[in-house]
Amino acid sequence: MQPSSRIEQEDPRAAKMRLRAEALARRAGLADADHAEASARAAQNAPRLLHYVDGRVVSLFAPFRDEIDTAPLAALLWSQGARVALPVVVGRDLPLLFRLWRPGDPLEPAGAYRIPTPAPSAPEVVPDDLIVPLAAFDRRGYRIGYGAGHYDRTLDQLRAVKRVRAFGYAFSCQEVAAVPHEPHDEPVDGMITEVDVFSCGGT
């Protein structure tokens, strides 16, 4: 059975769980040196999609476990005049909010997973561009997250009121042939990896 036909016959949620587990296993298999080198290369590739970011609010994410390291991209964005923000989880079924993160600002572990987050005193901002974490992705811009749906709700809310750009940010080993998508899934406009960048039609 071909992978695409297998996905078509699976329940979408079951297929997502399987693809997520397979992609995360590949990501976890990266050696530390490969992880660091690939993270640096991805940051170097990012301007090919982001282009001019001076004065724009760009939301990053603080890496969790073995996610791609966003520190090189943060340094690049600051050097190009972007206003960098980080997401804050405010509730299980609520969209994310975003707080400004400036060079040297301390980050505080927050939430069940103790993910580094700007202090509550940091200004709240609305992103123009979002760098989105993921477990797996395909060439159409569909992604598999970690199951909470925070970014789907957030993108739906933001896209209803303004033009925003969303880019997935991950290692190339997390790519899959096809992500089964459901009505609530919000695709990204492009993908950035250490190997390539590509538009998914929304940029």
Query - Atom of Leu60, atom of Thr70 and distance for their closest heavy-atom approach - result: CD1-O, 4.0 Å
Query raised in the report: Should Asp189 and Cys200 count as side-chain neighbours, where that means a heavy-atom distance under 4.5 Å?
Result: no
**Report entry** Option from Arg56, Arg163, Lys162 for which side-chain hydrogen bond (donor to acceptor under 3.5 Å, both in side chains) with Asp128 holds
**Finding:** Lys162
Report task. Please list, chain by chain and in numerical order, all residues satisfying salt bridge (Lys or Arg N to Asp or Glu O under 4.0 Å) with Asp34, sequence neighbours excluded. Result -> none
Report summary line: Test side chain to side chain contact (heavy atoms under 4.5 Å, CB included), reference Phe167, set Leu50, Val188, Leu130, Val132, output is Leu50
Requested in this report: Working to the nearest 0.5 Å, report the span between CD of Gln174 and CD of Glu67.
Outcome: 8.0 Å
Requested in this report: Flag yes if Leu107 and Ile68 sit in one hydrophobic cluster, no otherwise; membership is Ile, Leu, Val, Met, Phe, Trp, Tyr, and two members link when side-chain heavy atoms are under 4.5 Å apart.
Outcome: yes
Report summary line: Test side chain to side chain contact (heavy atoms under 4.5 Å, CB included), reference Leu19, set Leu24, Asp138, Ile144, output is Ile144
Query raised in the report: In Å, rounded to the nearest 0.5 Å, how long is the span from CG of Leu97 to OG1 of Thr154?
Result: 9.0 Å
Query raised in the report: About how many Å separate CZ of Arg165 and CG of Leu155, when rounded to the nearest 0.5 Å?
Result: 13.5 Å
Query raised in the report: For residues Ser172 and Glu194, is any side-chain donor paired with an opposing acceptor at under 3.5 Å?
Result: yes
Report summary line: Note: Glu108 and Pro120 closest approach over all heavy atoms is OE1-CD, 3.8 Å
Query raised in the report: How long is the gap from CG on Asp156 to CD on Glu186, to the nearest 0.5 Å?
Result: 5.0 Å
Query raised in the report: Is NZ or CZ of Arg20 both nearer than 6.0 Å to the six-membered ring centre of Tyr146 and within 45° of the ring axis?
Result: no
Query - side chain to side chain contact (heavy atoms under 4.5 Å, CB included) evaluation trace for Arg153 with Asp93 - result: CA-CA 8 Å; Arg153 283 188 288 273; Asp93 296 318; 4.3 Å; yes
Query raised in the report: Are any side-chain N or O atoms of Asn45 and backbone N or O atoms of Thr193, one a donor and one an acceptor, separated by less than 3.5 Å?
Result: yes
Requested in this report: For residues Asp185 and Lys16, determine if any side-chain heavy atom of one lies less than 4.5 Å from a side-chain heavy atom of the other.
Outcome: yes
Requested in this report: Apply the test side chain to side chain contact (heavy atoms under 4.5 Å, CB included) to residues Ile131 and Phe61: give CA-CA distance (whole Å), side-chain angles for both, the deciding distance (0.1 Å), then the verdict.
Outcome: CA-CA 7 Å; Ile131 304 298; Phe61 58 90; 4.0 Å; yes
Report summary line: Between the OG atom in Ser199 and the CE atom in Met191, the distance rounded to the nearest 0.5 Å is 12.0 Å
Report summary line: OH (Tyr142) and CG (Leu134) are apart, to the nearest 0.5 Å, by 15.0 Å
